[in-house]
Protein chains: 2
Amino acid sequence: MFFSKSFGYALRGVLYVSIEGKEGRKIQIEEIAEQLSVPRHFLAKIMKAVVKKGILNSTKGPYGGFSINKKTLNTKLIHLVELTDGTELFNNCILGLKNCNGKNPCPLHDEIALIRSQLLNKFGKTRVGDLTDEENVNFIKSLAVV
Amino acid sequence: MFFSKSFGYALRGVLYVSIEGKEGRKIQIEEIAEQLSVPRHFLAKIMKAVVKKGILNSTKGPYGGFSINKKTLNTKLIHLVELTDGTELFNNCILGLKNCNGKNPCPLHDEIALIRSQLLNKFGKTRVGDLTDEENVNFIKSLAVV
DNA sequence: CGAATAAAAGACATTAATATCTTTTTAAAA
DNA sequence: TTTTAAAAAGATATTAATGTCTTTTATTCG
């Protein structure tokens, strides 16, 4: 309802590497896709974009894979949304009206704007590192359970 | 971000008929599509579903078109969402996890659930008739402005 | 260097949403 | 009853999102 599947894959992939890749251990796409039950090649495409944004590192060749860097845990969720979905979606009128905005609001604009600002606020504050603490680790590791 | 384009078309179409179809005047799909700058045949498909749900009436043939009935203004927005988008979208985990729920929540579940409940609450209370009052009429009539 | 490994890149396939076009059905009115 | 107008229905087209497969590039190690 809020974001694309790609966003879910991106965040889950980053979380997996963040949790399993402590001490710089490199994690391969094969393992991530398998553990998270996510389509391997599609995930690869998304991870490539994540690396390009500098949110993770990657190295090719034997013993290569994805690894965390100093940006990883500090990355705000909103940046992952930008990467996968863009940000216009936070501004698009719920009725699809091009000319709807604060000064010329559609009948639902204000209510929707309120709800959106909460979501934006949450995603603008929450960092990847906030989702990798002890109480979440168990759940993250069971991400694959479908 | 929240709902499909179809939902926007549906609500705008119903609103247009509600406002322009006072005293049972029948409004034709051609006029609606033109005034709202919406693809005619695609809108027709959606309006058909709206009629099937009993939210509007329609009659074929000369002088036919879409007209309001006693359900129209009392229709809650959530019912239009159901019609166009289904309702599972209110339950789907934002990370795409099948096994995420209140008892087994993903790291974002509770925050998202809160925001969703507000949206659900709003759409479960707001009725078509609530969006057709004086202060909104002007805007509704300019829905077409793209 | 050459073989093997893993990500990057790109081509192609499938699916769902959105959009268009044509035919059929219904109803009004001349 | 024929003509005409309008929605209903259905077939087809396009686009964007999602998913798969193949080739290329970079890296490690023998």
Side-chain angles (χ1 to χ4, degrees), chain A residues 1-10 12-14 16-17 21 25-34 36-69 81 83-86 88-89 92 95-96, chain B residues 1-10 12-14 16-17 21 25-34 36-69 81 83-86 88-89 92 95-96:
Chain A
M1 139 171 260
F2 295 107
F3 307 122
S4 68
K5 277 186 153 188
S6 293
F7 165 73
Y9 292 162
R12 290 168 65 197
V14 171
Y16 188 87
V17 175
R25 182 169 90 83
K26 289 172 189 159
I27 316 284
Q28 290 151 23
I29 194 72
E30 197 64 40
E31 174 181 342
I32 308 173
E34 208 165 285
L36 304 187
S37 295
V38 153
R40 186 203 175 295
H41 294 282
F42 190 49
L43 179 63
K45 217 179 267 184
I46 294 167
M47 294 298 275
K48 181 177 64 176
V50 169
V51 169
K52 193 168 280 176
K53 267 263 187 172
I55 295 168
L56 283 178
N57 286 346
S58 74
T59 55
K60 294 179 179 181
Y63 304 89
F66 297 91
S67 53
I68 59 177
N69 60 32
V81 173
L83 189 105
T84 56
D85 301 36
E88 326 77 67
L89 84 166
N92 290 341
L95 293 181
Chain B
M1 138 173 260
F2 295 106
F3 307 122
S4 68
K5 276 185 157 190
S6 294
F7 165 73
Y9 293 162
R12 289 168 67 198
V14 170
Y16 187 86
V17 175
R25 184 168 91 82
K26 290 170 188 160
I27 314 286
Q28 290 150 23
I29 194 74
E30 195 65 41
E31 174 182 342
I32 308 174
E34 207 165 285
L36 305 186
S37 296
V38 153
R40 186 203 175 295
H41 295 283
F42 190 50
L43 179 62
K45 214 177 268 184
I46 293 167
M47 295 297 276
K48 183 176 64 174
V50 169
V51 168
K52 192 168 280 179
K53 265 263 187 174
I55 294 168
L56 282 178
N57 287 347
S58 73
T59 55
K60 294 179 179 181
Y63 302 90
F66 296 90
S67 53
I68 59 177
N69 59 32
V81 173
L83 190 104
T84 56
D85 300 38
E88 326 75 65
L89 84 167
N92 291 342
L95 293 181

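This one's a predicted model, so the numbers in the text were calculated from it and none came from an experiment. The chains referred to below are lettered A, B, ... by the order of the sequence lines, with proteins before strands, and numbering in each begins at 1.
Out of dA26(D), dA8(D), dA6(D), the shortest distance to the side chain of Gln28(B) is found at dA6(D). Of the candidate nucleotides dT20(D), dT18(C), dA8(D), dA8(D) has the atom lying nearest to any side-chain atom of Lys48(B). Side chain of Pro62(B), nearest nucleotide from dA5(D), dA9(D), dA7(C): dA5(D).
At the phosphate of dA17(D), neither OP1 nor OP2 sits under 4.0 Å from any side-chain N or O atom of Ser6(A). In this structure, Thr59(B) does not reach the dT26(C) phosphate: none of its side-chain N or O atoms is under 4.0 Å from OP1 or OP2. Look at Lys45(B) and you won't find any side-chain N or O under 4.0 angstrom from OP1 or OP2 of dG10(D).
For the pair Glu31(A) CD and dT5(C) C1', the computed distance is 16 Å after rounding to whole Å. Summarising the geometry, the separation between CZ on Phe3(A) and C1' on dA16(D) is reported as 19 Å, rounded to the nearest angstrom. Between the C1' atom of dA6(C) and the CG atom of Leu43(A) lies a distance of 14 Å, rounded to the nearest Å. The distance between atom NZ of Lys60(B) and atom P of dT24(C), rounded to the nearest whole Å, is 13 Å. Here dG19(D) presents its C1' atom at 13 Å from CZ of Arg40(A), a figure rounded to the nearest Å.
As judged by a 4.0 angstrom heavy-atom cut-off over every strand, Tyr9(B) is placed among residues touching the sugar-phosphate backbone only. Using a 4.0 Å heavy-atom criterion, one finds that Lys26(B) contacts no nucleic acid atom at all. Contacts of Tyr63(B) with the nucleic acid, taken as non-hydrogen atoms under 4.0 Å apart, involve only primed sugar atoms and P, OP1 or OP2.
Distance check, rounded to the nearest 0.5 Å: CD of Glu31(B) to CG of Leu36(B) gives 9.0 Å. To the nearest 0.5 angstrom, Asn92(B) atom CG is 11.0 Å from Phe2(A) atom CZ.
Of the candidates Ile29(B), Val14(B), Asn57(B), Ile29(B) is the only one forming a side-chain contact (heavy atoms from CB on, under 4.5 Å) with Phe66(B).
Closest of all the heavy-atom pairs between Arg40(B) and Ala33(B) is CA-CB, 3.7 Å.
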